[in-house]
Protein chains: 2
Amino acid sequence: VPVGQRYEPALSTESLIKRAASLVTDSTQTFLSQATYALVESLTEYTKAVYTLVSLQQKYTALIDKMNANEESAIWQVIVGARVQMTNLKERYLKYDSCWQRAVSISEMAAEAAYQAGADEACVGVRNHIQLVQTQVSESRELALKAEGKLAAAQTEEIRKSLAEDKDRSPDGGSPRIIEEEMPEAYLRED
Amino acid sequence: VPVGQRYEPALSTESLIKRAASLVTDSTQTFLSQATYALVESLTEYTKAVYTLVSLQQKYTALIDKMNANEESAIWQVIVGARVQMTNLKERYLKYDSCWQRAVSISEMAAEAAYQAGADEACVGVRNHIQLVQTQVSESRELALKAEGKLAAAQTEEIRKSLAEDKDRSPDGGSPRIIEEEMPEAYLRED
């Protein structure tokens with residue numbers, strides 16, 4: 001059996017596989033870049049929306065004892081709108097988050113396949129890329145978490161102050177009561 | 001908050017992701033094609049090598065009681081060479097087998113990512129491709145298994161006949177004994 005002859009096509013098969021594995025790493029890197037961009041951008045938009053709500057909430061809390069029923073209702077409508085916006089942006093970033101997780105998994109598999117196919121450079125390239133985007137994403141996540149923390153603090157403050165307000169006003173009764181009964185419902189929607 | 005304005009970049013992000021996911025399916029399909037070609041080709045080469053060994057084994061068995069020690073040793077050398085060749089080709093196809101498994105896994109993930117990104121056609125394309133190559137590979141595997149079955153039968157037949165031969169010759173003793181003691185060692189190497 002002519003061993004040399006038999007192994008020539010094997011070598012060429014090997015180089016074709018190596019090339020195909022490199023192509024996979026190229027396309028997964030593009031996919032990973034796009035998914036990272038989408039996730040970071042949507043996290044940033046979400047974070048902005050959270051801060052918008054924090055700021056509205058703080059204004060509401062500051063004015064709670066200075067507004068009449070109509071003013072309170074008006075600012076509450078704005079807060080509800082900002083909450084809806086924040087929820088939409090949260091859904092959007094969660095969608096891109098799962099897309100990004102998939103992109104990372106595919107990239108890891110592509111790196112492994114490239115390594116096994118002898119395309120070492122392609123493998124190292126993908127692994128570095130994965131590390132880079134993981135850092136980027138975790139930074140964006142931290143900013144979003146920080147914003148969520150501020151929102152929780154602002155809400156706690158508002159509840160504390162509106163309970164105090166309630167106590168002060170309770171002998172009078174009347175319209176503020178109605179508004180305060182609407183609030184918990186609006187909170188329950190999101191939390 | 002101008003909702004329409006805010007969602008325009010989202011749409012374009014979505015289409016970029018969809019396109020990137022389609023590119024991943026393209027490259028994984030190329031990789032899967034190459035890996036399938038390599039696996040089927042190496043399985044076929046291995047199957048041929050098994051049949052070569054079957055044929056040599058059968059010749060050896062047919063001539064076992066008609067050869068002198070030198071003739072037996074000569075044909076045995078050829079059998080050992082064919083076994084080495086078969087083992088090499090088995091290692092080669094096992095290597096391509098794990099490459100192919102990886103290619104199938106990556107393709108499945110790419111199909112899922114394409115589906116999630118809304119690239120339905122790309123997803124269906126990959127899934128059909130996976131089914132097709134799974135059929136191709138299982139056909140090649142069956143042929144290899146069939147060959148291995150024939151080899152096992154030929155080896156059993158040879159052992160049976162050489163034991164009978166051994167019994168017939170035992171009163172004489174001498175050189176055939178040595179060759180028969182070499183055989184089990186050669187078998188142990190592969191089995």
Side-chain angles (χ1 to χ4, degrees), chain A residues 1-3 6-7 9-10 12-35 37-39 41-42 45 48-49 52 78 81-82 84-86 88-89 92-93 95-96 98-103 105-110 112-117, chain B residues 1-3 6-7 9-10 12-35 37-39 41-42 45 48-49 52 78 81-82 84-86 88-89 92-93 95-96 98-103 105-110 112-117:
Chain A
V1 189
V3 172
R6 199 164 273 227
Y7 277 90
S12 116
T13 300
E14 217 144 290
S15 67
L16 284 170
I17 283 188
K18 189 172 156 183
R19 221 182 129 224
S22 295
L23 284 176
V24 173
T25 61
D26 288 351
S27 68
T28 56
Q29 290 210 61
T30 305
F31 184 45
L32 186 57
S33 295
Q34 291 293 351
Y37 172 80
L39 178 55
E41 188 260 355
S42 60
E45 288 295 303
K48 275 192 220 163
T52 301
V78 177
V84 170
Q85 175 71 0
M86 186 188 76
N88 290 343
L89 290 169
R92 186 166 163 255
Y93 102 68
K95 194 185 75 179
Y96 287 134
S98 50
C99 173
W100 182 78
Q101 308 272 8
R102 269 192 299 277
S105 304
I106 295 185
S107 299
E108 278 167 352
M109 288 196 73
E112 178 61 22
Y115 176 76
Q116 297 293 344
Chain B
V1 189
V3 172
R6 199 165 271 227
Y7 276 89
S12 116
T13 300
E14 217 145 287
S15 68
L16 285 170
I17 283 189
K18 188 172 157 182
R19 221 181 128 224
S22 295
L23 285 176
V24 173
T25 62
D26 288 351
S27 68
T28 56
Q29 291 210 60
T30 306
F31 184 44
L32 186 58
S33 295
Q34 291 295 349
Y37 172 80
L39 177 55
E41 188 260 356
S42 60
E45 288 295 304
K48 276 192 219 164
T52 302
V78 177
V84 170
Q85 175 71 1
M86 187 188 75
N88 290 343
L89 289 170
R92 187 168 162 256
Y93 102 68
K95 194 185 74 178
Y96 287 135
S98 50
C99 173
W100 183 79
Q101 309 271 9
R102 268 191 299 277
S105 303
I106 296 185
S107 299
E108 278 167 351
M109 288 195 73
E112 178 61 20
Y115 176 75
Q116 297 293 344

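Throughout, a chain's letter reflects where its sequence line sits, starting with A, and its residues are numbered from 1. Excluded from the calculations below are hydrogen atoms, water molecules and symmetry mates; all remaining heavy atoms, backbone and side chain alike, are included.
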Colleague: With sequence neighbours left out, write down each residue that passes side-chain hydrogen bond (donor to acceptor under 3.5 Å, both in side chains) with B:E108, or none if nothing qualifies.
Modeller: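 For B:E108, no residue satisfies side-chain hydrogen bond (donor to acceptor under 3.5 Å, both in side chains) once neighbours in sequence are set aside.
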
Colleague: Side chain from CB out, backbone as N, CA, C, O: work out which of these in A:A38 comes under 4.5 Å of a heavy atom of chain B, or both, or neither.
Modeller: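 Backbone plus side chain of A:A38, per the 4.5 Å heavy-atom cut-off to chain B.
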
Colleague: So B:Y37 and A:L16, do their side chains get closer than 4.5 Å, heavy atoms only?
Modeller: no

Colleague: So which of B:E112, B:Q116, B:K95 has the largest heavy-atom pair count under 4.5 angstrom toward chain A?
Modeller: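 That would be B:Q116.
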
Colleague: If we only count heavy atoms from C-beta on, is the B:M109 to A:S105 side-chain gap below 4.5 Å?
Modeller: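 Side-chain contact under 4.5 Å: yes.
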
Colleague: Under 3.5 Å, which donor-acceptor pairs link side chains of residues 17-25 of chain B to any protein atom two or more places apart or in another chain?
Modeller:
from  : atom 1 : to    : atom 2 : distance (Å)
B:S22 : OG     : B:K18 : O      : 3.1
B:T25 : OG1    : B:S22 : O      : 2.6

